[in-house]
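Labels below follow one simple rule: chain letters A, B, ... track the order of the sequence lines, proteins then strands, and each chain is numbered from 1.
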Amino acid sequence: MNIEKTIQNHISAALKAEFDVEENNISLQPTRKDFEGSYTFVVFPYIKALRKSPVELGNAIGNYLVAHSGVVSGFNVVQGFLNLSIADAAWIDLFAGIFKDKNFGQLPDKQEVVMVEYSSPNTNKPLHLGHLRNNFLGFSVAQILAANGYKVIKTNLVNDRGIHICKSMLAYQKFGNGETPESAGLKGDHLVGKYYVEFDKHYKAEVKALEATGLSEEDAKKQAPLLIEAQEMLLKWENNDAETVALWKKMNEWVFAGFGQTYQKMGVSFDKMYRESETYLLGKKFVEEGLQSGVFFQKEDNSVWIDLTDEGLDQKLVLRKDGTSVYITQDIGTAELKYNDFKMSKSVYVVGNEQDYHFEVLFKIIKKLGRPYSEGNYHLSYGMVDLPSGKMKSREGTVVDADDLMQEMTDTARERTMELGKTEGFTETEANELYDTLAMGALKYFLLKVDPKKRMLFNPEESIDFQGHTGPFIQYTHARICSILRKAHEQGIIGKTTDYPILQESERDVIYLLSQYPQVLADAGKEFSPALISFYVYDLAKAYNRFYNEVNIFNEPDKNAQQFRVAFSGLVGETINKAMALLGIKVPSRM
RNA sequence: GGUUCCGUAGCUCAGUUGGAUAGAGCAACAGAUUUCUAAUCUGUGGGUCACAGGUUCGAAUCCUGUCGGGAUCACCA
């Protein structure tokens, strides 16, 4: 039985019976802690039309609910707020209903395919902190949508071509001396990243030298020999030059091997990988067709553009004058390919908010081209991750490397666990698994608890915190519950949901939270917001911990109460497990 | 400069369509363990919700303006 629905229906009925008012959209809110009651109905909106005082109206509805609803046991009216107390029997009934429902937390099948594209790395440098937010978000959103009843396809569009790759390749060619990941003792992505930095160093030196000869900064940047070489290399690549392609393939393989390891540690996965090198030609084809049909136009230098001034935007380049494709060219091609593969009705792009403009343009172009996937495109635009020292800049070396960070977190988890002396009874493998679980739990929770749309600050000291509003706090609560269930099992206590005499305040709070789970899940799916789940599961863990401190299970003389509390703890543990899984976070049974 | 997002406690963040005395965590201070895991729990202090107007029974929330910050406006991806 859903208490909320029951009350809403009876308020509607009360308004109809007592005042002849049709109102089917009744909104309830949880009662503030300082007042008695569980649910509150605000009567203000109705007093004017009914010409009643708030107290009169509140009393009338309150009395009606006590008499008819079967769940409201009492009420009080403060100003315009009708606070309703719920009978224990109704809470227990609610709990029993959830306990029985094996599919609790899985919403009905929507018969709809949704694609979530995330990660989308460049193959010229290793992943960093910003990518962590992206990957955790993307994976979590995919889990949340699946729990909402969608068929979800996770994809990763790898930007494996373009001028940036050529920069790494060129620098490797010039300064690499045949180095390999094995010979350098580096992960492949880190090795390639090293040469990207190398390129930038030499390029800057060239620019400086040119400026010294009297060139303007702008001209110097365009005329630096290294950049020109890189541009030539891109042209050669697009013309399938054998040597260039061979080098490109070799370096890409290094990077993919490195990324694979990182993804595994992050605990993310994909159903399908797309490579920009496989989609840009299709994009070019659409540009040509669009040029014929007049969606695009060509300038004198042969570059191709779209005019979006009628939409309040600018003109945007879609093909360079040398015929090579740009970022958006391949995105047009990729969109087509993805749709052909999966015929999805919604497509979510998890990409940073610095690309808001890019996606606005992309979606408009798709519409102008009249593609069948013109609708349902959504840019999940998340804010940057800042450091206390300011913005991360890969070229200036102020990035936090993803691999390093995850390793540090694991080290910290190990230290912390040992300090607390909690490793007893663990094999070495189990212990290492635990450190990993805790480390990733802390990191993921830290990055996911903030509203995705907002930029956030990454404070290294706070992120490794294991107390308070953190992943490990929730994991700890789960481990505690498992401990109780183990003991109950040993003592042969079976959970049940009937014959429970009097509920504690903290038990009511927990049951209320449990009942909210489907709604929170639906909201999180609608908003694409793992943060909603994060806050929910934290609240649940906190409420359970309060119960844990106030109430004892195994010393409880009343066997009915004991059995109820075992069932109760089990359900909280399961719900924590489910909610954390939506965030991509594992929960240990001991810690 | 145009567009756009943001400004809530010392710090990091919540605050669902406008609802009561604006909430958590961290940090500070004071407590709780003969009993199921103290990575826990309880309590105290801490606020001009950037500022000024407006809308109304009622505004952190909606509207206008001002100030401050970010992103973007590339033949980079």
Side-chain angles (χ1 to χ4, degrees), chain A residues 25 27 29 31-35 40 42 44-45 47-48 54 78-81 83 120 122 124 159 161-165 167 222 231 276 299 301 303-305 312-314 316-322 324 326-328 330-331 352-358 360 381 383-384 386 388 391 416-417 419-420 422 438 446 449-451 453-459 461-463 465-470 472-473 475-477 479-488 491 519-520 523 526-527 531-532 534-535 538-539 541-542 545-556 565-566 569 590-591:
Chain A
N25 194 9
S27 92
Q29 48 188 292
T31 303
R32 286 184 66 99
K33 278 277 166 272
D34 334 318
F35 298 92
T40 292
V42 185
F44 276 120
I47 56 177
K48 220 171 191 177
V78 181
Q79 297 175 43
F81 299 90
N83 301 321
S120 309
N122 293 335
N124 64 332
N159 297 311
R161 65 158 284 283
I163 189 86
H164 57 295
I165 314 296
K167 289 176 181 175
K222 280 185 188 162
Q231 285 165 341
E276 187 181 321
K299 291 197 176 174
D301 63 0
S303 57
V304 181
W305 298 70
L313 302 175
D314 293 326
K316 181 89 181 171
L317 178 95
V318 293
L319 212 56
R320 291 194 189 98
K321 66 183 170 196
D322 64 5
T324 58
V326 290
Y327 184 29
I328 207 156
Q330 60 80 23
D331 259 350
N353 66 6
E354 72 270 21
Q355 293 185 30
D356 285 354
Y357 184 68
H358 171 81
E360 205 180 337
S381 158
M384 304 211 140
D386 282 323
K391 202 188 157 178
R416 196 63 53 89
T417 307
E419 265 169 35
L420 292 171
K422 300 230 179 189
L438 294 178
F446 186 84
K449 75 175 172 183
V450 181
D451 182 340
K453 293 193 287 293
K454 293 192 179 168
R455 65 188 287 130
M456 65 176 292
L457 187 77
F458 183 83
N459 187 329
E461 281 157 31
E462 279 176 29
S463 68
D465 223 323
F466 285 32
Q467 290 168 356
H469 189 184
T470 65
F473 169 89
Q475 291 172 320
Y476 178 71
T477 309
R480 262 184 161 174
I481 290 172
C482 289
S483 175
I484 286 178
L485 297 180
R486 279 192 297 270
K487 188 162 177 180
Q491 299 190 4
Q519 186 58 48
V520 172
D523 289 345
K526 223 164 104 190
E527 308 277 327
L532 294 179
S534 307
F535 270 86
Y538 170 67
D539 284 339
K542 207 164 48 148
N545 278 326
R546 205 177 306 127
F547 157 82
Y548 182 91
N549 271 270
E550 283 171 9
V551 174
N552 197 296
I553 295 175
F554 297 105
N555 286 345
E556 170 65 53
R565 286 173 188 166
V566 168
S569 298
R590 281 189 299 163
M591 67 184 273

**OP:** Go through the steps for D34(A) and R32(A) under the test salt bridge (Lys or Arg N to Asp or Glu O under 4.0 Å), then give the verdict.
**Re:** CA-CA 6 Å; D34(A) 334 318; R32(A) 286 184 66 99; 3.7 Å; yes
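Among the heavy atoms of the strands, none lies under 4.0 Å from V566(A). D451(A) comes within contact range of the sugar-phosphate backbone alone, with a heavy-atom separation under 4.0 Å but no base atom that close. Looking at heavy-atom distances under 4.0 Å, S27(A) makes contact with a base. Within 4.0 Å (heavy atoms only), F466(A) reaches at least one base atom of the nucleic acid. At the heavy-atom level, D331(A) lies nowhere under 4.0 Å from the strands shown. Using a 4.0 Å heavy-atom cutoff across all strands shown, Q519(A) reaches no nucleic acid atom at all. Here K453(A) lies out of heavy-atom contact (under 4.0 Å) with every strand. Residue Y548(A) is classed as a base contact, given a heavy-atom separation below 4.0 Å to a base.
Closest to the side chain of F81(A), from the set rA77(B), rG19(B), rA24(B), is rG19(B). For I163(A), whose side chain is taken as the heavy atoms from C-beta onward, the closest listed nucleotide among rC36(B), rC13(B), rA77(B) is rA77(B). In this structure, the nucleotide among rA71(B), rG25(B), rA39(B) sitting nearest to the side chain of N353(A) is rA71(B). Closest contact between the side chain of R32(A) and the listed nucleotides rA20(B), rC41(B), rA39(B) involves rA20(B). Nearest nucleotide to the side chain of K454(A), out of rA24(B), rC36(B), rG7(B): rG7(B). Comparing atom distances between the R455(A) side chain and each of rA38(B), rC26(B), rG70(B) picks out rG70(B) as nearest.
Ring stacking is absent between F473(A) and rA39(B), as the pair misses the limits of under 5.5 Å between centres and under 30 degrees between planes.
Aromatic pair F466(A)/Y476(A): ring centres not closer than 6.0 Å. For F81(A) and F35(A), the ring centers sit 6.0 Å or farther from each other.
Counted within 6.0 Å of NZ on K299(A), heavy atoms from surrounding residues, nucleotides or ligands total more than 12; the atom is thus considered enclosed.
A donor-acceptor contact under 3.5 Å is formed by the side chain of N552(A) with the base of rU35(B). Under 3.5 Å, the side chain of D465(A) and the base of rA27(B) form no donor-acceptor pair of N or O atoms. With hydrogens and angles ignored, a donor-acceptor pair closer than 3.5 Å exists between the side chain of T40(A) and the base of rA20(B).
Going from the C1' atom of rC73(B) to that of rG10(B) covers 37 Å, rounded to whole Å.
When the nearest nucleotides of RNA chain B are assigned to A531(A) and E276(A) by heavy-atom distance, the more 5′-ward of the two goes with A531(A).
With a 3.5 Å ceiling on both atom-pair distances, rA22(B) lacks any Watson-Crick or G-U wobble partner.
For the pair K449(A) (side chain) and H469(A) (backbone), a donor-acceptor distance under 3.5 Å is present.
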